[in-house]
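What follows is a single structure, written as structure tokens, with notes after it.
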Amino acid sequence: MRLRIPLLATLTLAASLLVVPPAQAVDYPFQNPSLPLEQRVDDLLGRLTLDEKLGLLHQSQAAIPRLGIAYHKNGTEALHGVAWSNHLNDGWRQKFADGTVFPQAVGLASTWDPELMKKVGSVVGDEVRGFNDVDPILWGLQVWAPVVDPLRDPRAGRNEEGYSEDPLLTGAMATAYGKGLQGDDPFYLKAAPVLKHYLGYNNETNRSLTSSNLTPKLKREYYEQGFKRAISADAATGVMASYNLVNGRPAHVNPDLNTVVRSWTDKTLYNVSDAWGPHALTDLQKYFDNKPEAFAAVLKSGQDSFTIDDSNSGPMVTNLKAALDQGRITEADVDNAVRHALSIRTRLGHFDPDGGPYKKITKDVINSPANQKLNREAAGKAAVLLKNSGVLPLAKPKSAAVVGPLSAKLYRDWYSGQQPYQVTPLDGIKERVGDVATGEGLERIALKHLTSGKYITATGTGPDDNAALTDTAPTAASQWDLTDWTGGVSTLRNAGNGKLLGGDWRSLDTDDAEPDGWYVQQQFALERQSDGSYLIRYAGYETVESWYALPDPYVTVTSEGTLALAPKAQAAKFGKEVVSDGIAAAAAQAAKSEVAVVVVGSHPFVAGREFHDRDNLKLGDGQRRLIEAVRKVNPKTVVVLETSYPVIVDAPTLLWTTHAGNETGHAIADVLFGDVNPGGRLTQTWPATDGLPSILDYDLAKTGMTYLYGKGKPLYSFGHGLSYTSFGYQGLQAQGEKVSVKVTNTGRVKGDEVVQLYTHQRDSRFKQPVKQLRGFQRITLNPGETRTVTFTLKKADLAVWDHTRNKWVVETATHDVLVGSSSDRIRQATTLRVSGETVPVRDLAKTTRAMDFDDYSGVFFADESKESGEVVEGSAGDWISFTGASWGSRLTASVASVNGGSFELRLGSPTGTLLGTVQVPATGGIYQYGAANAAVKAGTGALYLVFKGDLRVKDFALAR
């Protein structure tokens, strides 16, 4: 929403933003770099008025000229390069950077190279400073990156933003990138990275309304780990709360932000809300009755910055003042959060007379030759060779056909900047091959309205030029280049004007050059009917909004002959006529060429992105047919797959890369022609089918998602990647805290191997992963060279979360120690006996939290109160179990129920021997707990608590 500020006020504000009166430059202790951080912060805090302090809790922090404090904005996006920010002096309009665009985050992690990742982070930090030098109002130095959400489900719309499905790899890459962003100064920050998004956030569908059911064990062992590793390594200055709920409580009031997260470091953290998140507490989630109550809860939960209302801090200040007046927060609560803000701003050099040591970085660093070189190196190292029939590396071919929808194009994503230059795959190959034929490999079609016999036709390139039925024979204006991207979603580019067909809320037009914007209104699905006709489903992202009020929209024809959107029952039928077959043309070019390179993949804005998950992982029909047609005529076909997420596609020679930024074409060519021996490895499992569990089910141990718990055969495994050489492994040893193995390059060319260490705990009180990554090293070996690779494996690294006693524990157990080149290609194995402790029999005579169950079915993990705590909520037929336990005969349970209900205690199974029935009276509300008592049969073994009505169980004890 654009703010309307009078011109004079705007100019006055702009003029005062960065004014630091010379007379005040060294007047105050907070401006003295020689003083301790705490003293400087306390001094400045003591000089601020209440209104000024409250203003510092907003993302857009006004200048305080009387103290020489300049304007500051939180949240420059810097996921894989400086991406975008919002400008105070232009109505908070989104502005894109034009600096170095590195490969997407999932691609950077595919390098398995923390040293390289730190270099990339350092370059991004430099360019943040460079853009800040250009415009310090627009380009703030607090950056919202990296994203640490684990990639547990490849259908998630934001898959490209994360690093890996594995917590250790995620943590290592986040730590390296964050360290690079921050710089190496022991005190000052080049940029202040904030980790996104805390916690359990991996679905976009109804993201602000769905609750992620996280068992205490997986929460500790999996979902927290990436964040914990980066924070404990001092590689980040805070975390951002996520949009979802966790165990029934909105993440924006998760008390773990204050308690758990801050326990991981002794450094000051500055936590922020996500955009609009505090408003969602009342407006969407209805968790609180009013804004003062909600905003007070946000502050008390451990967040220090409100990302709301664009640059207008007024509503936030008003609501926090009301919360102060109502006694919901105190000024001490405000001071605590402001201290966090001032601490980070001090470390950024904001209050130093000279701006601190990183102030000397200027715009000259942006897109420098050195940065371009690193970009090319990163993109090359990120590429993963999935399969190779022997075609690669290419041996100086004299001719090549380079075809496909991504052969001559590069695309940015939602969290990248504009590329100042582009090297496409076609460009990169043309630099090496003299005779290159090319083409997009698309069908050019006409869509004939079967009722009228007329064709869908573009009438212009303006927003009021509605597509219509005008031509009775296909002309350029009624011909469309069809790109089938992924998941059955396509785009239609008009042959006459080069623009895409797009939705214009209820009509259709051709005024956009590329899929773009928040709603991406250029998406369609051509659905073939049993009679051979087609319906055209509109797939623009706004269709999921409640205000759109047109579920399942399809293309129809108005009485005036223009195109419009209507319910499926009113959909028009069309015939699909192929005017020119780009697939056949590409195959013909391939047949005449020595080699063929087919470049296919996803569009970062189409068929899933932030706010939209994917229905499936299929490559588009047209792209699949293109691969098949080219392969049929040329056995020397290489398929380059450029996607932001796993896609179900196979080919004898297949190279995968993410959307890899400016240098994509050079990097692809480097790998294809052998200048770079591919060493990238997959950071997530590529499923073989679409038969995946619900994306809303976060229990990996039950669903079998990720390599940690998956037992089926995937298309490509976690850690998979091939090379142009071969490697031998020998001499694995596990002694003390060291694991070592000898790795030899047994091939004929220099190459990189990613040596991966896994373990599996054979014996445990708890369910264990199939295997778990414990370490990795990317090494470079010459032909015949042998190197001993050594990993540190500490006893504490093998600790598991004991939910029966709420602590980390190392069990006495035998561990398989596994070393290989991927999770499914273990090359050497041995065992390691670890002495620890034996988890004792569970004594349910002690008060036991219901959430500390061993297993469950059907239940919902809920909030004990709006402030803290978690309980189990169940309905008839749901159950939780407690195994390896002993209990007495006198039960007391803390329960809550609106209407009353009951639960049963059973032995051995949900239908086992009935030990007792517990009646639960109505307590008056879900947050009002009362005691339920009953006499039951004492025993040992597995105790099942079976719900027979709607109620919540907080804890219970079975006294003897």
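For the single chain, residues carry numbers from 1 onward in sequence order. Only this structure's heavy atoms are used, side chains among them; waters, hydrogens and symmetry mates stay out.
Side-chain contact between Ser644 and Asn159 is absent, with no heavy-atom pair separated by less than 4.5 Å.
Below 30°, between 30° and 60°, or above 60°: for Trp84 and Tyr415 the angle between ring planes is below 30°, a parallel geometry. A perpendicular orientation is assigned to the rings of Tyr411 and His659, their planes being inclined by more than 60° (bins at 30° and 60°).
The closest donor-acceptor contact from the side chain of Arg345 to the backbone of His350 lies at 3.5 Å or more, if one exists at all. A donor-acceptor pair is defined here as one N or O able to donate and one able to accept, closer than 3.5 Å; no such pair exists between the side chain of Glu161 and the backbone of Leu79. Using modelled atom types, no side-chain atom of Lys267 and backbone atom of Thr237 make a donor-acceptor pair closer than 3.5 Å. Put simply, the side chain of Thr170 never gets that close to the backbone of Gly226: no donor and acceptor are under 3.5 Å apart.
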Next item on the list: Quick one: do Tyr198 and Asn271 satisfy side-chain hydrogen bond (donor to acceptor under 3.5 Å, both in side chains)? Show the steps, please.
Entry: CA-CA 10 Å; Tyr198 194 85; Asn271 296 332; over 6 Å; no

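Remark: Phe102 pairs with no residue by the ring-ring contact (aromatic ring centres under 6.0 Å, His included) rule, at least two apart or across chains.
Here the two rings, on Tyr519 and Tyr541, have centers that are 6.0 Å apart or farther.
Heavy atoms of other residues, nucleotides or ligands lying less than 6.0 angstrom from NZ of Lys866 number more than 12. Heavy-atom contacts from other residues, nucleotides or ligands closer than 6.0 Å to CD of Glu115 number 12 or fewer.
In this structure, NE2 on His80 lies 12.0 Å from OG1 on Thr100, to the nearest 0.5 angstrom.
Checked by atom type, the side-chain pair His340/Arg262 shows a donor-acceptor distance below 3.5 Å. With no hydrogens or angles considered, no side-chain donor-acceptor pair links Gln225 and Arg220 at under 3.5 Å. Asp309 and His279 share a side-chain donor-acceptor pair at under 3.5 Å.
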